[in-house]
Amino acid sequence: MAATQVTESTITVGGQTLFYRQATPAQQAPRLSILLLHGIRFSSETWLNLQTLSKLAEAGYRAVAIDLPGLGRSKEATAPAPVGEPAPGSFLKSVFEALQIDQAVVISPSLSGMYSLPFLFQHSDLFKAYVPVAPICTDKFPATQYAGVKVPTLIVYGDQDAQLGEVSLNNLKNLPNHKVMLMKGAGHACYLDKPDEWHLGLLDFLKSIE
């Protein structure tokens with residue numbers, strides 16, 4: 001089978017240029033769109049090197065990984081909120097529109113919680129599913145707000161991530177339609193520590209929501 005090709009391009013969001021990488025199935029129309037965000041020390045290159053983009057495309061999905069404002073190859077763009085504070089929920093909505101995504105699974109590690117959580121609460125209809133990986137900002141929203149969101153959710157964290165892993169789990173488990181994937185022996189960026197387990201768990205979850 002030919003290796004999956006990952007393309008590079010840019011979109012304009014709020015007058016700013018954002019870089020992204022994309023992989024799509026070679027033989028068929030995509031079953032779902034997956035939007036991959038990233039943490040503060042990472043970028044879309046993380047998902048390229050880890051082969052998450054190609055594995056998702058090989059499984060029949062359209063996988064798009066963006067570089068968030070101020071990071072990776074979107075360094076010139078400015079973030080719509082200070083680090084540690086929720087960004088406007090309209091930011092990722094504009095990303096969806098620029099990428100021509102109607103509905104997607106959003107994978108959101110660490111720092112990217114400042115973008116994905118406000119988006120989840122304001123535009124849950126645009127989510128096919130949500131995969132938070134020890135995101136920040138979970139404590140900025142009340143339990144009642146989580147309780148009103150019915151989006152299928154896979155909460156992922158490493159058991160060595162005593163701080164953000166535990167805090168995010170305690171808040172995210174208020175989402176009524178959730179499963180938990182605890183990665184033993186893995187730290188904050190648990191997908192880097194256990195890539196095979198990460199890909200297996202993610203693909204199983206994606207199959208379950210189709």
Side-chain angles (χ1 to χ4, degrees), residues 11 13-14 18 20 32-40 42 44 47 52 56 61-69 71 79-157 161 164-182 188-191 198 201-202 205-206 208-210:
I11 50 172
V13 174
L18 298 181
Y20 73 93
L32 280 175
S33 292
I34 320 285
L35 180 66
L36 296 117
L37 306 178
H38 60 84
I40 197 163
F42 304 103
S44 62
W47 303 119
T52 304
L56 287 169
Y61 303 108
R62 176 192 179 191
V64 183
I66 67 165
D67 283 5
L68 291 166
L71 300 167
V83 172
E85 291 301 320
S90 57
F91 172 76
L92 283 180
K93 185 173 187 285
S94 299
V95 169
F96 268 46
E97 288 163 1
L99 290 168
Q100 299 182 313
I101 294 173
D102 296 325
Q103 203 181 37
V105 177
V106 177
I107 297 175
S108 178
S110 197
L111 168 90
S112 66
M114 68 184 271
Y115 297 98
S116 65
L117 285 161
F119 183 50
L120 177 71
F121 293 129
Q122 291 173 34
H123 301 288
S124 63
D125 57 308
L126 298 178
F127 280 74
K128 180 70 179 174
Y130 184 42
V131 184
V133 187
I136 67 168
C137 290
T138 60
D139 54 349
K140 309 278 185 190
F141 305 94
T144 49
Q145 203 165 355
Y146 286 99
V149 175
K150 306 296 190 284
V151 171
T153 300
L154 179 65
I155 301 167
V156 184
Y157 73 107
D161 184 9
L164 262 174
E166 294 292 332
V167 169
S168 59
L169 173 69
N170 286 336
N171 293 308
L172 292 165
K173 66 186 183 187
N174 291 304
L175 291 165
N177 187 8
H178 78 265
K179 298 174 182 174
V180 177
M181 179 174 153
L182 171 61
H188 181 53
C190 51
Y191 43 88
W198 156 249
L202 177 61
F205 174 69
L206 293 174
S208 77
I209 58 159
E210 283 183 56

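In this chain, residues are counted from 1 in sequence order.
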How many angstroms lie between atom [atom1] of [X] and atom [atom2] of [Y], to the nearest 0.5 angstrom?
X	Y	atom1	atom2	value
Asp161	Leu169	CG	CG	11.0 Å
Leu154	Tyr130	CG	OH	11.5 Å
Cys190	Met181	SG	CE	7.0 Å
Lys128	Ile101	NZ	CD1	14.5 Å
Ile66	Leu92	CD1	CG	6.0 Å
Leu202	Leu56	CG	CG	5.5 Å

Quiz item: So, Ser168 side chain and Gly165 main chain: donor-acceptor pair closer than 3.5 Å or not?
Solution: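 Judged by distance alone, yes, a pair lies under 3.5 Å.
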Quiz item: Is the backbone of Val167 close enough, under 3.5 Å, to the side chain of Asn170 for a donor and an acceptor to pair up by distance?
Solution: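 No; zero donor-acceptor contacts below 3.5 Å.
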Check whether more than 12 heavy atoms from other residues, nucleotides or ligands sit under 6.0 Å from atom [atom1] of [X], and answer yes or no.
X	atom1	result
Asp102	CG	no
Gln100	CD	no
Lys140	NZ	yes

Quiz item: Ser116 and Ser112: side-chain donor and acceptor closer than 3.5 Å?
Solution: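 No, because no side-chain N or O of Ser116 sits under 3.5 Å from a partner of the opposite role on Ser112.
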Quiz item: Is any side-chain heavy atom of Leu126 closer than 4.5 Å to a side-chain heavy atom of Lys93?
Solution: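 Leu126 reaches Lys93 side chain to side chain.
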Quiz prompt | Heavy-atom side-chain contact between Pro135 and Leu172 under 4.5 Å | solution =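 Answer yes - side chains close enough.
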Smallest separation among heavy atoms of [X] and [Y], with atom names:
X	Y	value
Ser44	Ala65	CB-O, 3.4 Å
Met114	Glu85	CB-O, 3.4 Å
Leu68	His38	N-NE2, 2.9 Å
Asp67	Leu18	O-CD2, 3.9 Å
Ala87	Pro118	O-CG, 3.1 Å
Leu111	Ile40	CB-N, 3.6 Å

Kindly assign one of parallel, tilted or perpendicular to the pair [X] and [Y], based on the angle between their ring planes and the thresholds 30° and 60°.
X	Y	result
His123	Phe119	tilted
Tyr146	Phe141	perpendicular
Phe42	Tyr191	perpendicular

Self-check item: Audit row: Val151, Leu120, side chain to side chain contact (heavy atoms under 4.5 Å, CB included) steps and yes/no
Solution: CA-CA 9 Å; Val151 171; Leu120 177 71; 4.1 Å; yes
Quiz item: Taking it one step at a time, do Leu175 and Ile155 satisfy side chain to side chain contact (heavy atoms under 4.5 Å, CB included)?
Solution: CA-CA 10 Å; Leu175 291 165; Ile155 301 167; 5.6 Å; no
Practice problem: Apply side chain to side chain contact (heavy atoms under 4.5 Å, CB included) to the pair Val106 and Tyr115, showing each step before the final yes or no. | Solution: CA-CA 11 Å; Val106 177; Tyr115 297 98; over 6 Å; no
Practice problem: Evaluate the side chain to side chain contact (heavy atoms under 4.5 Å, CB included) criterion for residues Val105 and Phe127: first the C-alpha distance (whole Å), next the side-chain angles of each, then the deciding distance (0.1 Å), finally the verdict. | Solution: CA-CA 6 Å; Val105 177; Phe127 280 74; over 6 Å; no
